[in-house]
Amino acid sequence: NAGVTQTPKFQVLKTGQSMTLQCAQDMNHNSMYWYRQDPGMGLRLIYYSASEGTTDKGEVPNGYNVSRLNKREFSLRLESAAPSQTSVYFCAIPRGNPGTNEQFFGPGTRLTVL
Amino acid sequence: AQSVTQLDSHVSVSEGTPVLLRCNYSSSYSPSLFWYVQHPNKGLQLLLKYTSAATLVKGINGFEAEFKKSETSFHLTKPSAHMSDAAEYFCVVSDTSGTYKYIFGTGTRLKVLA
């Protein structure tokens, strides 16, 4: 997980509360990704950012917003949390050219929505 | 569009016997393919990757995978299972056409019996 940090590591929210998950990288890479992991479903892409200032929807973007204000940071926001958003969230960056190279993953944020 | 199917959600083997985890993919372009491992409550670690070089790819911890274009498969094998191999394994296909997306399989949980 070197080079990709996520905060917080754990979070418990009540339905309707909001929060922002933070991801930061020190590898100076253009692309950054947010995934959620649920049992039996693998990792599903929520949003990705190909470069600073650009973001695109992935497979499951509903209920989330993202912000890529600078090259280093990519945040994921839940405006009104729902129990269906209980999951483990991973941030990732590709090792080199996206697509051709593997991704580095952050340590994850375990989120529970009550 | 890319997709990936892991054919078994659970696989059990005895320690010392071979491991076979199956993965089929679909891709409109020449794909890059990856296998990751995730031990319980841990992050994702790259086992190996295929990026259009040798079709037989060797990875860490004695794992290898063979890219078979005619069968659209990328199965993961290991000659002799160890107790420490018990984990969840994910097959991933990436889009090399420029959309930057990585598609994860739903995972195979490997159980190693003593």
Side-chain angles (χ1 to χ4, degrees), chain A residues 1-6 9-10 23 25 29-52 54-61 66 68 74 87-110 112, chain B residues 1-10 21 23-25 27-53 57 59-60 63 65 74 87-109:
Chain A
N1 298 332
V4 181
T5 58
Q6 291 184 237
K9 286 187 169 52
F10 300 94
C23 174
Q25 53 123 345
H29 207 283
N30 287 323
S31 304
M32 298 183 75
Y33 300 73
W34 275 108
Y35 294 91
R36 60 177 289 172
Q37 182 179 20
D38 302 292
M41 303 188 78
L43 274 74
R44 293 180 292 168
L45 182 64
I46 305 172
Y47 272 93
Y48 68 102
S49 170
S51 61
E52 179 181 345
T54 68
T55 60
D56 286 285
K57 294 179 180 180
E59 183 184 358
V60 288
V66 290
R68 182 85 184 275
F74 188 33
S87 188
V88 181
Y89 292 85
F90 288 99
C91 178
I93 60 171
R95 184 178 180 182
N97 292 329
T100 305
N101 292 284
E102 69 274 19
Q103 294 180 305
F104 279 135
F105 288 86
T109 295
R110 189 174 294 272
T112 301
Chain B
Q2 281 72 28
S3 66
V4 61
T5 302
Q6 292 185 242
L7 297 163
D8 306 293
S9 58
H10 292 83
L21 305 183
C23 173
N24 286 354
Y25 71 91
S27 177
S28 303
Y29 300 89
S30 296
S32 289
L33 293 155
F34 310 87
W35 276 99
Y36 287 86
V37 61
Q38 185 180 36
H39 288 91
N41 298 313
K42 299 291 185 184
L44 287 98
Q45 180 183 19
L46 179 72
L47 275 178
L48 49 81
K49 66 178 180 181
Y50 166 78
T51 56
S52 78
V57 181
I60 61 172
F63 284 95
F74 190 56
E88 189 153 26
Y89 293 78
F90 295 98
C91 182
V92 181
V93 62
S94 70
D95 179 0
T96 57
S97 70
T99 67
Y100 304 105
K101 291 183 179 178
Y102 295 76
I103 308 301
F104 281 72
T106 52
T108 298
R109 186 166 296 278

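Naming convention: chains lettered A, B, ... in sequence-line order (proteins, then strands); numbering from 1 in each chain.
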Checking A:Q37 side chain against A:V88 main chain: does a donor-acceptor pair fall under 3.5 Å? no

Report which part of [X] has an atom under 4.5 Å of a heavy atom belonging to chain A: side chain, backbone, both, or neither.
{"X": "B:Q38", "result": "side chain"}
{"X": "B:Y102", "result": "both"}
{"X": "B:T51", "result": "side chain"}

Structural part of [X] lying under 4.5 Å from a heavy atom of chain B:
{"X": "A:R110", "answer": "side chain"}
{"X": "A:D56", "answer": "neither"}
{"X": "A:L45", "answer": "side chain"}

Would you call the rings of [X] and [Y] parallel, tilted or perpendicular, taking 30° and 60° as the class edges?
{"X": "B:F63", "Y": "B:Y89", "answer": "tilted"}
{"X": "B:F90", "Y": "B:F104", "answer": "perpendicular"}
{"X": "B:Y36", "Y": "A:F105", "answer": "perpendicular"}

Check: B:Y25 ring centre within less than 6.0 Å of B:Y50 ring centre: no

